[in-house]
Engineer: 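Shown below is the structure under consideration.
Quick caveat: nothing in here was measured; it's all calculated off a predicted structure. Counting from 1, the numbers follow the sequence of the chain as shown.
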Amino acid sequence: MNHPGRYASPDASKAPAAAASKAGKSLHMQAYELVKHRILTLQFPPGACLNEANLSQLLNIGRTPIHQALNRLTLEGMIQVIPRKGIIVKPVSMDEVMENIEIRLVNEMCCARLAALRRDERDIAEMKRILADARTELPTQNIERQMILDHDFHLAISTAAKNRMLTDILSNLHDQSLRFWFISLREHEHHAAVQDEHQAVLDAIIAQDPDAASEMTRNHIESFRKNVVRLL
């Protein structure tokens with residue numbers, strides 16, 4: 001990936017071997033990112049069966065890197081092996097969504113509070129840049145792009161908090177919830193609402209108001225929870 005904890009959208013139009021060489025990535029990592037990308041963006045939907053031979057042909061990558069990638073995705077809980085059925089993309093369960101949101105709520109509110117107290121001008125500039133890009137993308141209704149920008153905005157907040165352990169925790173939680181965000185962002189009206197919620201969080205961070213930053217973050221996560229519950 002391009003950054004620890006940052007979700008990178010791979011360029012599937014390039015020959016994977018060439019892309020891996022150019023990016024300095026192993027074929028295993030290239031296969032992992034390509035399969036993960038398709039799972040997160042629902043190209044491989046929940047419950048879909050995956051086959052090593054078919055994936056090898058689709059991605060133009062050998063069976064061994066594909067096998068290694070699937071093992072890693074199994075450990076991360078994105079796919080599972082079902083006896084007599086094979087490898088399937090793990091279904092999205094309401095319990096999993098609620099558990100993820102509960103733990104994100106606690107950690108993200110803490111993160112926003114710390115960011116309001118510790119942010120510097122570079123942090124503010126990065127968050128402003130991400131929000132500007134997201135606003136520019138609104139007319140395109142590009143769900144994948146909005147998902148990536150949302151992920152990057154939350155990563156920028158955790159960077160501003162200046163707590164590496166908290167950043168690592170949130171990076172893991174964000175990766176687990178990207179499919180949920182993709183589901184939530186299928187409605188165009190929600191794109192604009194997300195940007196307004198992000199702006200409110202940023203305004204509080206700029207004002208160095210930890211209470212407001214925490215509260216605006218709570219509102220944002222709760223809004224996401226309601227939308228996902230309605231759409232699942």
Engineer: What I'd like to find out is whether the side chain of Ile148 reaches to under 4.5 Å of the side chain of Asp152, using heavy atoms alone.
Structural biologist: yes
Engineer: Tell me which one of Arg118, Lys162, Lys128 satisfies side chain to side chain donor-acceptor pair (under 3.5 Å) with Asp123.
Structural biologist: Lys162
Engineer: Taking the side chain as C-beta and beyond, is there a heavy-atom pair between Tyr32 and Glu76 under 4.5 Å?
Structural biologist: yes
Engineer: May I ask you to test the Met147-Thr41 pair for a side-chain heavy-atom distance under 4.5 Å?
Structural biologist: yes
Engineer: Please determine whether a side-chain nitrogen of the Lys or Arg among Glu126 and Arg122 lies less than 4.0 Å from a carboxylate oxygen of the Asp or Glu.
Structural biologist: no
Engineer: Are Leu173 and Phe153 linked, directly or through other ILVMFWY residues, by side chains that come within less than 4.5 angstrom of each other?
Structural biologist: no
Engineer: Hey, does Leu70 have a side-chain heavy atom less than 4.5 Å from the side chain of Glu52?
Structural biologist: yes
Engineer: Looking at CE of Met109 and CG of Leu114, how far apart are the two atoms once the value is rounded to the nearest 0.5 Å?
Structural biologist: 12.0 Å
Engineer: Rounded to the nearest 0.5 Å, what separation is found between the CG atom of Leu55 and the CD1 atom of Ile61?
Structural biologist: 9.5 Å
Engineer: Do His67 and His28 have ring centroids that are under 6.0 Å from one another?
Structural biologist: no
Engineer: Check whether any side-chain heavy atom of Lys90 sits under 4.5 Å from a side-chain heavy atom of Pro46, and report yes or no.
Structural biologist: no
Engineer: What I'd like to find out is whether the side chain of Met94 reaches to under 4.5 Å of the side chain of Glu99, using heavy atoms alone.
Structural biologist: no
Engineer: Are the side chains of Leu170 and Cys111 in contact, using a 4.5 Å heavy-atom criterion?
Structural biologist: yes
Engineer: Rounded at 0.5 Å granularity, tell me how far CZ in Arg38 sits from CD in Glu33.
Structural biologist: 12.0 Å
Engineer: Between Glu108 and Arg218, does any NZ, NE, NH1 or NH2 come within less than 4.0 Å of an OD or OE carboxylate oxygen?
Structural biologist: no
Engineer: Would you check, one step at a time, whether the test side chain to side chain contact (heavy atoms under 4.5 Å, CB included) holds for Met127 with Ile157?
Structural biologist: CA-CA 8 Å; Met127 285 183 270; Ile157 294 175; 3.7 Å; yes
Engineer: Just checking, is any N or O donor in the side chain of Gln80 or Thr74 under 3.5 Å from an acceptor N or O on the other one?
Structural biologist: no
Engineer: With distance as the sole criterion, is a donor-acceptor pair present between the side chains of Gln146 and Asp150 under 3.5 Å?
Structural biologist: no
Engineer: Yes or no on side chain to side chain contact (heavy atoms under 4.5 Å, CB included) for Val89 and Met78, after CA distance, side-chain angles and deciding distance?
Structural biologist: CA-CA 6 Å; Val89 177; Met78 291 194 176; over 6 Å; no
Engineer: For Gln57, is the CD atom crowded, meaning more than 12 foreign heavy atoms sit under 6.0 Å from it?
Structural biologist: no
Engineer: Any chance you could measure Leu50, atom CG, to Ile66, atom CD1, to the nearest 0.5 Å?
Structural biologist: 10.0 Å
Engineer: Could you give the distance from CZ (Arg145) to CG (Leu138), rounded to the nearest 0.5 Å?
Structural biologist: 12.0 Å
